[in-house]
Trainee: 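Below are the structure tokens for one structure; questions will follow.
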Amino acid sequence: MTSLSVEMLAADAVEPITSAGNAQLGIAVLAGIAVIVLLITKFKLHAFLALTIGSLALGAFAGAPLAATIDSFTAGLGKTVAGVGVLIALGAILGKLLADSGGADQIVDTILAKASRRAMPWAMVLIASVIGLPLFFEVGIVLLIPVVLLVAKRGDYSLMRIGVPALAGLSVMHGLIPPHPGPLVAIDALGADLGVTLALGVLVAIPTVIIAGPLFSRYAARWVDIPAPEHMLQSTDRAPRPSEDLEKRPGFLATVSTVLLPVVLMLVKALVDIVVDNPDNGLQKVTDVIGSPLIALLAAVLVGLFTLGRAAGFTKQRLSSTVEKSLAPIAGVLMIVGAGGGFKQTLIDVGVGQMILDFSKDWSIPALLLAWLIAVAIRLATGSATVATISAAGLVAPLAEGIGASETALLVLAIGAGSLFFSHVNDAGFWLVKEYFGMSVGQTIKTWSVMETIISVVGIIFVLLLSLVL
């Protein structure tokens, strides 16, 4: 990433709602984040409430008027939900269609049928990456874990040799690739181009998932050599898959094409913008429309109603029911994302942006590394990748002012990589993996936690390498 002109950014900074100095602002930031961490970890308060209270605490510690703090928080919440709320909803609908129609099962069964024993870890990372694209991380785990357990049992594989690649594929998609909530929020907060971020995210994701998945799984299988837990296998065998009540399933090619459609449209837009670079050009005008995130995801959902839903024999009533059921579970996600946007805006309005600029100038810390370190610190404290992404994006947003599209996209990816660092006991995902795989806390740290750390470190390394050539 090229060096930033701190003086230029400082000149463009927003007038803060408080006259507090850097020392007081630094204390206010630490206190605000501490309140959020304490409420989430100690009192088990929902992240939405914790972020809301933390925002008010931040304003109070910074000496900002309460009314101004409330205005900042609500403005940030509204802007964030308006920017990414519809995209999250469309992604949830597409994911629900994929799961309920049997499209996910079709992808799994087709790839596993063609994979040799030697290629099975690579097949698992491919399955997880494709299925994880439109699905939330927790949904992807619930969908894929039964497959992982059965493949490990029937093929007599080490559970870690099969499970780690699947987890790596899901985690990398969750942290680096839109339309997942974390990357979307960071893109919105930093004003990044979604198509460029997606393209660079794929470049970072491919080597990262290979290293953290199939390659690391060799060592993980030696460190923790356990079979698939019998109690989970029994529950897996008894539990019906979403598509078992269907007479038919959508085809493999149609399913994959539907899942990848929004990715292709957004990448085409990014490519045309780079190659043509003329807003008056007819082709660029067309791709700017069809490649916008809203239209790309909406197109995928509309196509999915036919290629997934109708292909599986869904009636109009069942299609409507599927869409309706997909929206209810994301209410909590939307509120967390919105509150995170409010916290971000409060950080900016109290003048933390200027403090970060001064800090980066005085200590000569590269913006990408600074963004990664902030996300790492918040991830370790809160256990939430989404909270880490949202908070870090708010803190480093001023660094994105006046820089190019590729540099801003790399800043988003640096935050995303940092948000995945070392999942441990304060992360719900840690316990989900532990229980599904029947591991002890120590075994989960040796496998899942180390894998997350590898993803984070390898991710920032490739982001920094890209910054040298862009």
Side-chain angles (χ1 to χ4, degrees), residues 93-173 209-210 213-214 217 227-230 232-261 263 300 303-314 318-319 322 326 436-437:
I93 295 171
L94 183 60
K96 184 70 171 174
L97 283 170
L98 180 68
D100 286 4
S101 68
D105 293 337
Q106 184 73 338
I107 292 174
V108 170
D109 294 344
T110 301
I111 294 179
L112 291 183
K114 297 181 180 296
S116 65
R117 180 177 181 84
R118 186 181 183 88
M120 195 59 69
W122 299 87
M124 292 307 303
V125 79
L126 177 61
I127 290 169
S129 298
V130 173
I131 290 180
L133 197 59
L135 293 177
F136 293 137
F137 178 76
E138 292 79 4
V139 177
I141 283 187
V142 172
L143 196 64
L144 277 183
I145 289 300
V147 177
V148 169
L149 297 179
L150 290 174
V151 168
K153 177 69 174 179
R154 294 172 184 175
D156 194 26
Y157 294 99
S158 164
L159 182 57
M160 292 299 100
R161 191 76 173 103
I162 300 299
V164 166
L167 293 173
L170 289 174
S171 186
V172 169
M173 293 296 109
V209 79
I210 289 173
S217 69
E230 288 296 330
M232 290 304 301
L233 278 169
Q234 293 169 3
S235 64
T236 295
D237 287 334
R238 290 195 302 268
R241 295 167 84 177
S243 61
E244 285 187 351
D245 62 335
L246 302 174
E247 296 180 359
K248 53 185 179 178
R249 295 193 306 200
F252 174 77
L253 183 60
T255 302
V256 172
S257 299
T258 303
V259 171
L260 296 180
L261 178 61
V263 177
V303 170
L305 293 175
F306 294 93
T307 59
L308 300 176
R310 296 309 292 266
F314 283 13
R318 181 159 183 180
L319 280 174
T322 298
S326 71
Y436 266 121
F437 284 170

Trainee: Can you establish whether the number of heavy atoms outside F252 located under 6.0 Å from its atom CZ is more than 12?
Mentor: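 Yes - once you tally the heavy atoms of other residues, nucleotides and ligands closer than 6.0 Å, there are more than 12.
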Trainee: To the nearest 0.5 Å, what is the distance between CZ (R117) and CG (D156)?
Mentor: 6.0 Å
Trainee: As a quick check of understanding, evaluate side-chain contact (heavy atoms from CB on, under 4.5 Å) for L98 and T255, giving each step before the final call.
Mentor: CA-CA 8 Å; L98 180 68; T255 302; 3.5 Å; yes
Trainee: Passes side-chain contact (heavy atoms from CB on, under 4.5 Å), M124 versus L112? Steps please.
Mentor: CA-CA 8 Å; M124 292 307 303; L112 291 183; 3.9 Å; yes
Trainee: So which heavy atom on S217 is nearest to which on R161, and how close?
Mentor: OG-NH1, 2.5 Å
Trainee: With side-chain contact (heavy atoms from CB on, under 4.5 Å) as the test, would you mind laying out the steps for L319 and R310 before giving the verdict?
Mentor: CA-CA 8 Å; L319 280 174; R310 296 309 292 266; 3.4 Å; yes
Trainee: Looking at D100 and R318, is any side-chain nitrogen of the basic one under 4.0 Å from a carboxylate oxygen of the acidic one?
Mentor: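 D100 and R318: not salt-bridged.
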Trainee: Show the nearest heavy-atom pair for residues A312 and S101, with the distance to one decimal.
Mentor: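 In this case the closest contact between A312 and S101 is CB-O, 3.5 Å.
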Trainee: Quick one: CG on D105 to OG1 on T110, what's the gap to the nearest 0.5 Å?
Mentor: 10.0 Å
Trainee: To the closest 0.5 Å, what do you measure between CG (L308) and CZ (R249)?
Mentor: 12.5 Å
Trainee: Indicate the atoms forming the closest heavy-atom contact of S326 with K96, along with that distance.
Mentor: CB-CB, 3.4 Å
Trainee: Which atoms form the tightest heavy-atom contact between A166 and A128, and what is the distance?
Mentor: O-CB, 3.1 Å
Trainee: Can you tell me how far the CG atom of L97 sits from the OG1 atom of T258, to the nearest 0.5 Å?
Mentor: 9.5 Å
Trainee: When rounded to the nearest 0.5 angstrom, what is the spacing between CZ in F314 and CG in L305?
Mentor: 10.5 Å
Trainee: Give me the atom names and distance for the closest heavy-atom approach of G132 to M173.
Mentor: O-CB, 3.9 Å
Trainee: Where is the tightest heavy-atom contact between T307 and P250, given as atom of each residue plus distance?
Mentor: O-CB, 3.2 Å
Trainee: Quick one: CD1 on I162 to CG on L159, what's the gap to the nearest 0.5 Å?
Mentor: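 I162 atom CD1 to L159 atom CG measures 8.5 Å (nearest 0.5 Å).
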Trainee: Evaluate the criterion side-chain contact (heavy atoms from CB on, under 4.5 Å) for residue pair V148 and L167; output intermediate values, then yes/no.
Mentor: CA-CA 10 Å; V148 169; L167 293 173; over 6 Å; no
